A.B. asks: 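My structure is below; once you've seen it, I'll send some questions.
Predicted, not measured: the structure shown is a model, and the values here were computed from it. Naming convention: chains lettered A, B, ... in sequence-line order (proteins, then strands); numbering from 1 in each chain.
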Amino acid sequence: MTSIPKNLSSLADYLAFRSQNAFLNLSELQQIHCQILTNDYFHSNSLVTNFLSSCFRSQKPRYALVFLQNLTSPDPSLWNSMIRVSLESGVCPDFLGFYSGMLRNDVLPSKTSFSLILRSCAISGEAQLGEAFHCQIMKMGFEYDMILQTGLLDFYAKVGDLKCAKRVFMGMPRRDVVANNAMISALSKHGYVEEARNLFDNMTERNSCSWNSMITCYCKLGDINSARLMFDCNPVKDVVSWNAIIDGYCKSKQLVAAQELFLLMGSARNSVTWNTMISAYVQCGEFGTAISMFQQMQSENVKPTEVTMVSLLSACAHLGALDMGEWIHGYIRTKRLKIDVVLGNALIDMYCKCGALEAAIDVFHGLSRKNIFCWNSIIVGLGMNGRGEEAIAAFIVMEKEGIKPDGVTFVGILSGCSHSGLLSAGQRYFSEMLGVYGLEPGVEHYGCMVDLLGRAGYLKEALELIRAMPMKPNSMVLGSLLRACQIHKDTKLGEQVTQQLLELDPCDGGNYVFLSNLYASLSRWDDVNTCRKLMIKRGVHKTPGCSSIEVNNIVHEFVAGDTSHPQFTQINAFLDEIAKELKGQGHVPNTANVLHDIEEEEKEGAIRYHSERIAVAFGLMSTPPGKTIRVVKNLRTCSDCHSAMKLISNAFKREIIVRDRKRFHHFRNGSCSCNDYW
DNA sequence: ATAGGGTTAG
């Protein structure tokens with residue numbers, strides 16, 4: 001390491017260089033601190049600002065506070081720099097700490113200090129705190145100038161307090177473009193397009209931001225045509241205008257139009273443009289396209305950001321692509337991207353949905369701040385993976401930390417109880433929702449309860465609950481009941497429910513298959529035929545079962561009956577070998593039996609097994625012994641495959657994790673984490 | 001001052 005320069009200008013250069021390329025450790029920060037103090041630092045505000053910013057970039061914001069507390073100057077400008085730096089860095093904007101630090105050190109906050117603090121409150125959504133500061137500003141008797149007023153206006157606009165925003169706006173003696181623009185965005189946030197448009201039309205001066213605000217305003221309302229008109233009329237188009245209209249097309253599901261504009265932009269695209277497109281593809285389920293867009297983005301030297309990572313992680317979560325998810329996590333670390341609540345949540349969700357619970361828990365504990373999303377993701381994830389008790393334990397800790405649960409939290413808790421068979425706990429939490437937490441149960445919570453009761457065999461109670469519901473049952477609720485009928489072999493009720501379900505959701509192929517299987521189990525072949533014909537008549541197709549497995553960073557997909565995999569012959573031979581092995585262990589295959597599986601796949605061509613079995617066979621033959629096999633399936637796994645998997649996990653001494661449509665099965669040593677209860 | 005991101009039951 002080179003020694004730290006002594007004179008001010010080379011110290012500044014050194015600092016800029018070091019802090020950009022590496023984390024500064026504490027001793028290096030201390031040495032630089034000493035150098036600054038031995039120099040005439042009062043005349044080098046920019047150097048100090050640079051130093052403070054280095055502290056933040058090196059993730060040692062507390063050292064910045066140490067630095068400031070050693071100053072004796074009553075001048076608030078360095079403190080203001082600190083707040084500004086903290087705002088820019090986005091790491092723990094502890095503006096409240098800085099404010100009290102100023103007071104503790106007898107530094108009188110200036111008007112600028114308050115403006116900055118208001119911005120911090122606006123960005124972090126601290127509505128109450130910001131209002132308190134507003135009162136403080138009035139008490140201190142500051143003269144209201146444009147900057148302060150615009151700050152207040154922006155604060156109220158950002159926290160969504162339209163009334164106060166209007167009051168500040170009206171009270172302004174003069175309104176410049178900035179103020180008008182802030183007001184437009186406040187109005188647009190509440191959907192008042194006409195008022196916003198009025199203001200816009202009456203403005204004497206408009207800049208690109210004014211136009212862009214109107215574009216997003218129309219986009220938010222779904223009026224893409226008016227948005228496009230604004231875009232076309234905008235004489236000062238910039239990247240933001242393009243990005244806004246592209247996002248507008250994406251949000252209204254017109255990806256072709258979005259792609260067209262995207263291509264037109266050429267090299268004018270920035271990272272936001274790419275992120276917009278990538279997230280749009282992820283949201284449409286076109287994960288492959290999203291990933292190749294990411295590669296293209298890199299080849300065009302546009303820096304991926306935290307937002308890019310969030311979208312990609314979401315794609316991994318859907319695909320169950322753990323290897324790629326881990327690669328992204330590594331990328332985040334090497335590029336030192338900031339793991340904030342949103343990115344943290346995306347990581348937690350990805351690991352949970354890939355069945356890597358320990359990794360999810362590690363990320364969760366590593367977050368310095370956790371919001372309701374993070375808690376919900378870990379609670380839902382634990383429940384989904386059959387760890388209901390731990391989900392409840394997490395819920396209890398969450399409460400202790402003062403985070404208020406919401407509807408999603410209860411979906412996680414209740415479904416977790418259901419997956420783990422915790423009947424009484426589930427019932428208790430359901431009743432506490434309204435009684436203790438003041439949350440009105442929604443149809444999704446009733447759905448969870450029907451599932452919980454039904455699985456435990458309380459079919460009558462489940463039916464009563466559906467009758468007593470304040471809303472109409474949807475297909476999820478009836479589907480839960482149906483599943484319970486199937487498990488507990490109540491064919492009579494099952495038939496009734498299926499009929500209802502068919503009326504409610506005539507396009508869901510799974511329902512027809514269930515009904516057909518139900519009739520078959522009663523040997524009512526005429527009804528089986530009628531049902532099949534009805535399916536054909538209505539043009540309903542059953543989603544084919546599809547399982548994927550990631551081997552050496554390549555996702556292999558298997559569909560029953562599809563022989564296109566290059567190693568088809570070897571896989572098929574290996575499947576026979578497995579079947580022999582299973583037979584030796586006393587497993588009686590029941591694939592010829594159409595009785596009990598809602599979503600049994602067609603047994604076509606040369607492949608006689610469900611897709612998950614093929615994927616597992618491929619995994620066994622192409623990965624080293626002892627490696628965990630992870631398979632993702634789009635439908636629910638059938639009971640025959642389920643019992644086969646248990647035996648395979650034992651015979652081949654492998655942990656097999658199958659994520660089916662609804663939950664995880666962790667097969668190990670001949671048993672499954674779901675306790676055969678799914 | 002304007003653009004891009006996350007959790008939900010069968």
A.B. asks: What is the first contacted nucleotide of DNA chain B and what is the last, in 5' to 3' order, if contact means an atom lying under 4.0 angstrom from a heavy atom of chain A?
C.D. replies: dA1(B) to dG10(B)

A.B. asks: In this structure, is the centre-to-centre distance between the rings of W274(A) and F294(A) below 6.0 Å?
C.D. replies: no

A.B. asks: Under 4.0 Å, heavy atom to any atom of DNA chain B: which of residues 342-352 of chain A qualify?
C.D. replies: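 Of all residues in residues 342-352 of chain A, the ones placing a heavy atom under 4.0 Å from DNA chain B are V342(A), L343(A), N345(A), D349(A).
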
A.B. asks: Within 45° of the ring axis of F231(A) and under 6.0 Å from its six-membered ring centre, is that where the NZ or CZ of K237(A) lies?
C.D. replies: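 Checked: cation-pi criterion met.
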
A.B. asks: Within a 6.0 Å radius of atom CG on L221(A), are there more than 12 heavy atoms belonging to other residues, nucleotides or ligands?
C.D. replies: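 Enclosed: over 12 neighbouring heavy atoms sit under 6.0 Å from CG of L221(A).
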
A.B. asks: Base, sugar-phosphate, or nothing: which does T305(A) touch, judged by heavy atoms less than 4.0 Å apart?
C.D. replies: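 Base contact.
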
A.B. asks: Base, sugar-phosphate, or nothing for N180(A), non-hydrogen atoms under 4.0 angstrom?
C.D. replies: nothing

A.B. asks: Have a look at N270(A) and say if it touches a base, only the backbone sugar-phosphate, or nothing, with a 4.0 Å heavy-atom cut-off.
C.D. replies: base

A.B. asks: Which heavy-atom pair separates Q149(A) from G171(A) by the least distance, and what is that distance?
C.D. replies: NE2-O, 3.8 Å

A.B. asks: Heavy atoms under 4.0 Å, any strand shown: does K353(A) hit a base, just sugar-phosphate, or nothing?
C.D. replies: sugar-phosphate

A.B. asks: Would you find more than 12 non-hydrogen atoms of other residues, nucleotides or ligands less than 6.0 Å from Y437(A) atom OH?
C.D. replies: yes

A.B. asks: Side-chain donor-acceptor pair under 3.5 Å between D660(A) and T637(A), yes or no?
C.D. replies: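 The answer is no; no qualifying pair exists.
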
A.B. asks: Look at all strands and tell whether K370(A) reaches a base, only sugar-phosphate, or nothing, counting heavy atoms closer than 4.0 Å.
C.D. replies: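 Nothing, no nucleic acid heavy atom in range.
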
A.B. asks: For V341(A), answer base if it contacts any base atom (sugar-phosphate contacts may also be present), sugar-phosphate if it contacts only those atoms, and nothing otherwise; contact means non-hydrogen atoms under 4.0 Å.
C.D. replies: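 If one applies the 4.0 Å heavy-atom cut-off, V341(A) turns out to touch a base.
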
A.B. asks: Would you indicate what V443(A) reaches in the nucleic acid, counting non-hydrogen atoms under 4.0 angstrom: base, sugar-phosphate, or nothing?
C.D. replies: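 Contact class for V443(A): base.
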
A.B. asks: Do W242(A) and F262(A) have ring centres separated by under 6.0 Å?
C.D. replies: no

A.B. asks: Check every strand shown and say whether K158(A) touches a base, only sugar-phosphate, or nothing at a heavy-atom separation below 4.0 Å.
C.D. replies: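 Since only primed, P, OP1 and OP2 atoms lie under 4.0 Å of K158(A), the category is sugar-phosphate.
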
A.B. asks: Hey, can you tell me if Y429(A) and F410(A) have their rings parallel, tilted or perpendicular (30° and 60° cut-offs)?
C.D. replies: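 Aromatic pair Y429(A)/F410(A) classed tilted.
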
A.B. asks: When we call it a touch if two heavy atoms are under 4.0 Å apart, what does D176(A) touch: a base, just sugar-phosphate, or nothing?
C.D. replies: nothing

A.B. asks: Can you list everything that forms a salt bridge (Lys or Arg N to Asp or Glu O under 4.0 Å) with E300(A)? Sequence neighbours excluded, please.
C.D. replies: R269(A)

